[in-house]
> 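If you scroll down you'll find the structure; I have some questions about it.
We name chains A, B, ... by the order of the sequence lines, and we start the count at 1 in each one. Everything numeric here is computed off the predicted structure, so don't read it as measured data.
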There are 2 protein chains.
Amino acid sequence: MTSSRATLIQVAERAGVSLASTSRALHGSGASEAMVERVRAAAAELGYSPDVTGRSLRLRKTFQIAFAVADIGNPVYVEMMTAIHEVLAPHGYRVVVMTTGDTPASTTELVRSLGSGFVDGMVLSPLRTDDGLVRAIKQAPVPVVVIGRSLGDQGIDSVSTDSAGGIGQAVRHLLETGRRRIGFLNGPPDTTPGEARRRGFDAAASDPGFAAERVEVALAEDFTVAAGVAAAHRLLAGAPDGGARLDAVVAANDLLAIGAIRAARELGLSVPEDVAVTGMDDTELGRVFQPSLTSVSLGSDERGHAAARIMLRLVDGDAGEPQTTSVGPRLVVRESTVPRPARASAPGEGVR
Amino acid sequence: MTSSRATLIQVAERAGVSLASTSRALHGSGASEAMVERVRAAAAELGYSPDVTGRSLRLRKTFQIAFAVADIGNPVYVEMMTAIHEVLAPHGYRVVVMTTGDTPASTTELVRSLGSGFVDGMVLSPLRTDDGLVRAIKQAPVPVVVIGRSLGDQGIDSVSTDSAGGIGQAVRHLLETGRRRIGFLNGPPDTTPGEARRRGFDAAASDPGFAAERVEVALAEDFTVAAGVAAAHRLLAGAPDGGARLDAVVAANDLLAIGAIRAARELGLSVPEDVAVTGMDDTELGRVFQPSLTSVSLGSDERGHAAARIMLRLVDGDAGEPQTTSVGPRLVVRESTVPRPARASAPGEGVR
DNA sequence: TTGAAAGCGCTAACAG
DNA sequence: CTGTTAGCGCTTTCAA
């Protein structure tokens, strides 16, 4: 850590030309071959690197995009962040990570803070949304792309997925593989994902073809393994009326599903023989788990990519109508629902 | 997304006072009660929020810290990032995530780019280090704190851990629990972690008390589950000379350890009965895995916290001698090495 | 093609 | 306590 850095003025002096010419020679157009040569040399001698702060002030552009979620440690968000970074970095944009807090109010405050101009845009995946937040997003001084609920009809660019439909896929898969007593293990239903999963399960259960004999619901306190273990214990401990035990659990995400498998084991039940378990998000954790987890992929990385691409379009001034992109859910069948993998198992299959 | 934002000048005009007074009333000291009142009102009416770009240029301070690693999706780095964010955010610093690439050259380039002044400092965990990188760090125009190798003797602030000693703890644990034929499953040995692990294993194997009858080493192509499965297959497939099979595997990280457990299962071996497996990093993945993974915690979050605290000290101008903080490794015994957990098992025990 | 100069929004030294 | 003014480093008109 040493010395203060050379400025453009110093490069100009060194090259014996004007400030404007120096700037042009370095970035802009309209400089002679000789000028470029001369300035480049001077810049190199001084180890000049342009100051982004001055540039930002002048250009009114930071080349930074914020990624804001409630929990930056959640594997799903990590995957999104990685995808967003992958898309933005080659375009010269930096990614700033931020946390929304878990209330709509704190998220709204974060969106309002965009007024300070520290980023050119924000990719936001709010855990909970309300009118105030929607309003703040629409009034934000920089583009905001929402990952989660489809807000296209509100005039907000968003990337959504049909997690409700995904729950339906899981339920149908369980019915098709002969399960009839199904437990639904959801997280907090007042969150965007919790609400969507609940809706999905209700829809599946209302379907004319829904052949289950028994249905139970348990709510975990949050979307974690520990909360899943606790709630799944209640689900699997046995029917209060002495009826037959559940033979399947549909979990609202992979972490809850892992919790359910642990709870099953603690109760002496084997997975998938006694009870089948499905997760959602198709995380690495689920892929490498034993038994590997049947899970509904919601394309976290695709959603991240999509959001980042929309953002690039927006910060490049290409306004257009707010658009909603959708990524379809996709069931990936693994060992937690069927004794043998659907496909022939090669060593390390399904593992990356 | 609307309109351009109000500036300090506009607030000043609205309040009918000077620019300087407005600035002072809002942040600085030395403004009368009445002035503060008046300016605040004007600011509120205009929905003014200060522009950080102008502020940064003037103050020569961005209130941003970079966190740079090779793979921002790696759970260990995610944990560090979360910890860093936790410490920095309350102090008003934003976290910018960056990737180093996996060569010393690309990392050096990244460190050099700090000359552009987009952050006030960088927390860096390089996968590979060379002299050029060390030099670049020392010459960086902003503070750099390195997580990984201890670089204190080089005059670089760093947070290290004794992963070599951690490998020793794992080896001793295996010997103490009766294992005698030990395989060492390492990742690429030309990386900082790979090198340290190798050193640790060599040291443990050279110890006078090292009671193993047989030792094998396998190198995975990288620190992933898939690479671990492949390399562990070689390790466990059986001794070329027809000798007894290994009864323990010391893996260089949790992902490789999970790979080893999968490979064991694919070969019809049970863990921990036939073969015990230890990991390193004590990740969530290992904690929830079945069997839960005995692992050496390297305190990723503590290291992140420590690095962030050092960084805060540095950006607050408190120079002082470069310091090396160290976080001790800590073996956490779970099911992958002993049939029963070390402690009585409560429901969901070891899961968070 | 080149140079002079303005100004992005802000803070702080200085004078009153 | 308040106002005037300079200037952080840069890009971009506008004239020459």
Side-chain angles (χ1 to χ4, degrees), chain A residues 3-40 42-43 46-64 92 113-120 141-142, chain B residues 3-40 42-43 46-64 92 113-120 141-142:
Chain A
S3 62
S4 55
R5 301 147 30 203
T7 74
L8 200 59
I9 296 189
Q10 289 163 18
V11 176
E13 283 168 356
R14 178 95 177 197
V17 297
S18 78
L19 179 59
S21 296
T22 310
S23 178
R24 277 189 294 251
L26 256 25
H27 320 281
S29 50
S32 67
E33 191 66 20
M35 176 66 82
V36 171
E37 181 69 14
R38 200 167 170 180
V39 170
R40 284 245 180 86
L46 269 57
Y48 170 77
S49 49
D51 184 288
V52 299
T53 308
R55 187 153 201 267
S56 290
L57 181 57
R58 177 63 226 242
L59 257 33
R60 311 270 54 212
K61 192 155 166 51
T62 61
F63 292 94
Q64 297 191 150
S113 77
L114 291 171
S116 294
F118 55 93
V119 289
D120 300 333
V142 296
Chain B
S3 64
S4 56
R5 301 148 31 204
T7 74
L8 200 59
I9 296 188
Q10 290 164 19
V11 176
E13 282 169 357
R14 177 96 178 198
V17 299
S18 78
L19 178 61
S21 295
T22 310
S23 176
R24 276 189 296 251
L26 256 23
H27 322 280
S29 51
S32 68
E33 191 67 18
M35 175 67 82
V36 170
E37 181 70 13
R38 199 168 171 179
V39 169
R40 283 245 180 87
L46 271 58
Y48 170 76
S49 48
D51 184 288
V52 298
T53 307
R55 188 156 201 264
S56 290
L57 181 58
R58 179 63 228 239
L59 257 32
R60 312 267 57 212
K61 194 156 165 49
T62 61
F63 293 95
Q64 296 191 149
S113 77
L114 291 171
S116 294
F118 56 94
V119 289
D120 300 333
V142 296

> Between C:dC8 atom C1' and B:Gln10 atom CD, what is the distance in whole Å?
13 Å
> Closer to the 5' end of DNA chain D via nearest nucleotide, is it B:Thr22 or A:Gly54?
B:Thr22
> Could you check how far CG of B:Leu46 sits from P of C:dG9, rounded to whole Å?
14 Å
> Could I get the full list of side-chain contact (heavy atoms from CB on, under 4.5 Å) partners for A:Ile9, not counting sequence neighbours?
A:Thr7, A:Glu13, A:Leu19
> Rounded to whole angstroms, how far apart are CZ on A:Arg60 and C1' on C:dG9?
7 Å
> Grab the two heavy atoms, one from B:Ala43 and one from B:Val11, that are nearest each other, plus how far apart they are.
N-CG1, 3.8 Å
> Just the rounded figure in Å: distance from C1' of D:dG3 to CD1 of B:Ile9.
14 Å
> Nearest to the B:Leu57 side chain among D:dT2, D:dC8, C:dC8, which nucleotide is it?
D:dC8
> The side chain of A:Ser32 lies closest to which of these nucleotides: D:dG9, C:dT1, D:dT2?
C:dT1
> Tell me: CG of A:Leu26 to C1' of D:dT12, nearest whole Å?
15 Å
> Rounded to whole Å, how long is the line connecting atom CD of A:Glu37 with atom P of C:dT1?
17 Å
> From the set D:dT2, D:dG3, C:dC8, return the single nucleotide nearest to any side-chain atom of B:Ala31.
D:dT2
> Can you tell me the distance, in whole Å, between the CZ atom of A:Arg38 and the P atom of C:dG3?
8 Å
> How many Å lie between CZ on A:Phe63 and P on D:dC10, as a whole number?
14 Å
> Nearest 0.5 Å, what's the CZ-CZ distance between B:Phe63 and B:Arg55?
5.0 Å
> For B:Arg60, which residues count as a salt bridge (Lys or Arg N to Asp or Glu O under 4.0 Å) partner, sequence neighbours excluded?
A:Asp51
> Only pairs under 3.5 Å count here: list side-chain donor-acceptor contacts from residues 26-38 of chain A, not counting sequence neighbours, and write none if there are none.
unit_1	atom_1	unit_2	atom_2	d
A:Ser32	OG	A:Met35	N	3.1
A:Arg38	NE	A:Ala15	O	2.9
A:Arg38	NH2	A:Ala15	O	3.2

> Reading nucleotides 11-16 of chain C from the 5' end, what letters show protein touch, with B for base, S for backbone sugar-phosphate only, - for no heavy atom under 4.0 Å?
BBB---
> Could you pull out all residues at least two apart from A:Ser18 that satisfy side-chain contact (heavy atoms from CB on, under 4.5 Å)?
A:Ala20, A:Ser21
> How long is the span from the CZ atom in B:Phe118 to the OG1 atom in B:Thr62, to the nearest 0.5 Å?
9.0 Å
> Can you tell me which nucleotide in C:dC10, D:dG9, C:dT2 comes closest to the side chain of A:Thr7?
D:dG9
> Please give the angle, rounded to 10 degrees, between the axes at the start and the end of the helix from C:dT1-D:dA16 to C:dG16-D:dC1, where five pairs define each axis.
40°
> Describe the nucleic acid contact of A:Val52 in one word from base, sugar-phosphate, nothing, applying a heavy-atom distance below 4.0 Å.
nothing
